[in-house]
Number of protein chains: 2
Amino acid sequence: MGRSRTEGAAGVRERILAAACALFAEQGYDATSVQQVVDRAGVTKGGLYHYFGAKEDLLVEMYRTVFGERLAALDRILEQGRDPEWTLRAIIDDIVVGTAAMMTESAAVSRELAHMDSARTQRLQADWRRYQEAVRALIRDAQAAGVFAAVASPELVSWSIFGVTTTLHTWFRPDGPKRAEQIAHELADLVLTGLKSRP
Amino acid sequence: MGRSRTEGAAGVRERILAAACALFAEQGYDATSVQQVVDRAGVTKGGLYHYFGAKEDLLVEMYRTVFGERLAALDRILEQGRDPEWTLRAIIDDIVVGTAAMMTESAAVSRELAHMDSARTQRLQADWRRYQEAVRALIRDAQAAGVFAAVASPELVSWSIFGVTTTLHTWFRPDGPKRAEQIAHELADLVLTGLKSRP
DNA sequence: CTGTCAATACCGACCGGTTGGTATGTTGCA
DNA sequence: TGCAACATACCAACCGGTCGGTATTGACAG
């Protein structure tokens with residue numbers, strides 16, 4: 001009777017992930033119980049622990065999704081070998097638009113990033129540092145070559161960019177007046193106007 | 001025997017607050033138990049619940065400390081009635097230096113800000129919005145008067161500033177190479193170079 | 001086409017431990 | 001004597017996680 005078992009076979013895992021994602025974004029990781037996740041996903045605890053070894057795995061999975069896409073895009077941009085301005089614009093555009101496109105996942109991840117330092121997440125945090133270092137190196141090299149002005153240090157510039165993206169979920173509304181592309185454009189303009197200024 | 005009861009009367013409450021503050025910053029609010037707080041503070045649960053009605057009150061108290069100081073400083077800066085550049089520089093300087101000076105409190109607050117939407121924190125969130133709106137209005141007026149360039153919207157500029165300050169705790173080290181004043185200066189330079197550019 | 005069987009997908013009751021919070025002292029000072 | 005300032009013992013609720021069981025499926029044999 002009712003739906004067959006395999007009908008949603010591919011969907012159950014994803015439904016659990018989507019439910020966990022939404023709840024983590026709303027209430028935070030610790031404040032969300034496994035029971036709440038399975039209730040929203042329409043399964044039971046047994047079902048969840050059939051697919052995931054621990055509650056933490058749900059977060060790790062989101063990390064991988066979010067960082068994986070950004071990191072892949074970064075590599076794609078860098079291997080084009082274009083000039084610093086184009087490259088930095090492309091990076092800002094990708095990270096803002098990409099973050100906005102996965103708003104709930106990104107919100108949960110950036111909210112809970114600091115709560116975790118277990119062995120399992122070290123690899124993910126290393127990826128994140130690699131991303132930041134790539135941006136800093138880009139700016140540092142361009143400043144050394146005289147293409148960018150030394151109006152601010154590479155660290156401060158990258159923190160400004162990542163500060164906007166990691167707090168994006170607190171003020172960005174998909175149905176708001178600003179498109180993600182426009183935000184990326186404005187941020188790039190602000191940063192690059194400073195960076196291109198001649199003393 | 002030993003120390004008298006009233007000797008540390010003023011100190012017990014503060015010790016509890018300091019312990020909670022450190023633990024919230026280290027592990028997060030939900031991951032910290034009341035028992036851990038009282039253990040570190042050297043008191044018992046009875047003592048804590050004598051001074052605070054609930055665990056949440058500890059967080060609310062930190063909110064008040066952090067926001068209160070910033071808000072008071074903002075008013076002091078605004079009432080000087082100086083030009084937009086001086087005012088914006090003063091605001092950036094205060095929020096960066098002030099946040100760095102209360103690193104653990106600020107870390108706990110910005111980390112757990114979104115976890116709370118209960119009635120008790122609405123007043124605090126309103127204060128925070130007032131702060132943001134003041135900055136936006138400053139930029140908006142200066143842009144309308146032609147003093148600042150419209151290189152980016154007031155919203156984006158304020159998000160850049162607050163993005164840096166709310167994520168400050170993830171990369172700022174008091175014993176690191178950068179002083180807080182220097183970070184504030186760099187951030188102000190970056191933002192204002194963009195804002196003062198002539199097209 | 002049918003019967004067998006192992007594997008997969010999923011259920012729901014249950015466990016030990018921990019949680020925030022409280023009820024009831026006890027102590028020192030005014 | 002009274003009252004603020006704590007300590008101690010304790011609780012009901014809930015936590016993440018486990019486990020024995022069952023329904024469903026696909027592969028294979030006859």
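Every chain is numbered from 1, with letters handed out A, B, ... down the list of sequences.
One can place OH of B:Y51 at 19 Å from P of C:dG21, the figure rounded to the nearest angstrom. One atom, CG of A:D39, and another, P of D:dC14, lie 13 Å apart when rounded to the nearest Å. Between B:L58 atom CG and C:dG21 atom C1' the separation is 13 Å, expressed in whole Å. Atom CG of B:L48 is separated from atom P of C:dG21 by 10 Å (rounded to the nearest Å). Summarising the geometry, the separation between CG on B:L59 and P on C:dG20 is reported as 12 Å, rounded to the nearest angstrom.
For the pair B:D189 and B:R89, the salt-bridge criterion is met [side-chain N within less than 4.0 Å of a carboxylate O].
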Protein heavy-atom contacts under 4.0 Å, written 5' to 3' over nucleotides 15-20 of chain D as B (base), S (sugar-phosphate only) or - (none), form the string SBBB--
Could you pull out all donor-acceptor pairs under 3.5 Å where a side-chain atom in residues 59-68 of chain A meets a protein atom, sequence neighbours excluded?
unit_1	atom_1	unit_2	atom_2	d
A:E61	OE2	A:R13	NH2	3.3
A:T65	OG1	A:E61	O	2.9

Without placing hydrogens or testing angles, list every side-chain donor-acceptor pair under 3.5 Å for residues 100-109 of chain A, not counting sequence neighbours.
unit_1	atom_1	unit_2	atom_2	d
A:S106	OG	A:T99	O	3.4
A:S106	OG	A:M102	O	2.8

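From B:W128, atom CH2 reaches atom OG1 of B:T121 across 14.5 Å, with rounding to the nearest 0.5 Å.
A donor-acceptor contact shorter than 3.5 Å is absent between the side chain of B:R82 and the backbone of B:T87.
A:E155 pairs by the side-chain contact (heavy atoms from CB on, under 4.5 Å) definition with A:R136, A:R140, A:S153, A:W159, B:K178, not counting sequence neighbours. Among residues two or more places apart in sequence or in another chain, the side chain to side chain donor-acceptor pair (under 3.5 Å) test is passed with A:E26 by A:R40.
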- Message: Does B:Q132 form a side chain to side chain donor-acceptor pair (under 3.5 Å) with B:S158? I'd like the steps, not just the answer.
- Response: CA-CA 7 Å; B:Q132 289 183 270; B:S158 84; 5.0 Å; no
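Note on B:H50: a side-chain N or O is less than 4.0 Å away from OP1 or OP2 of D:dA5.
In the helix from C:dC1-D:dG30 to C:dA30-D:dT1, the rotation axis of the first five pairs and that of the last five pairs differ in direction by 0°, rounded to 10 degrees.
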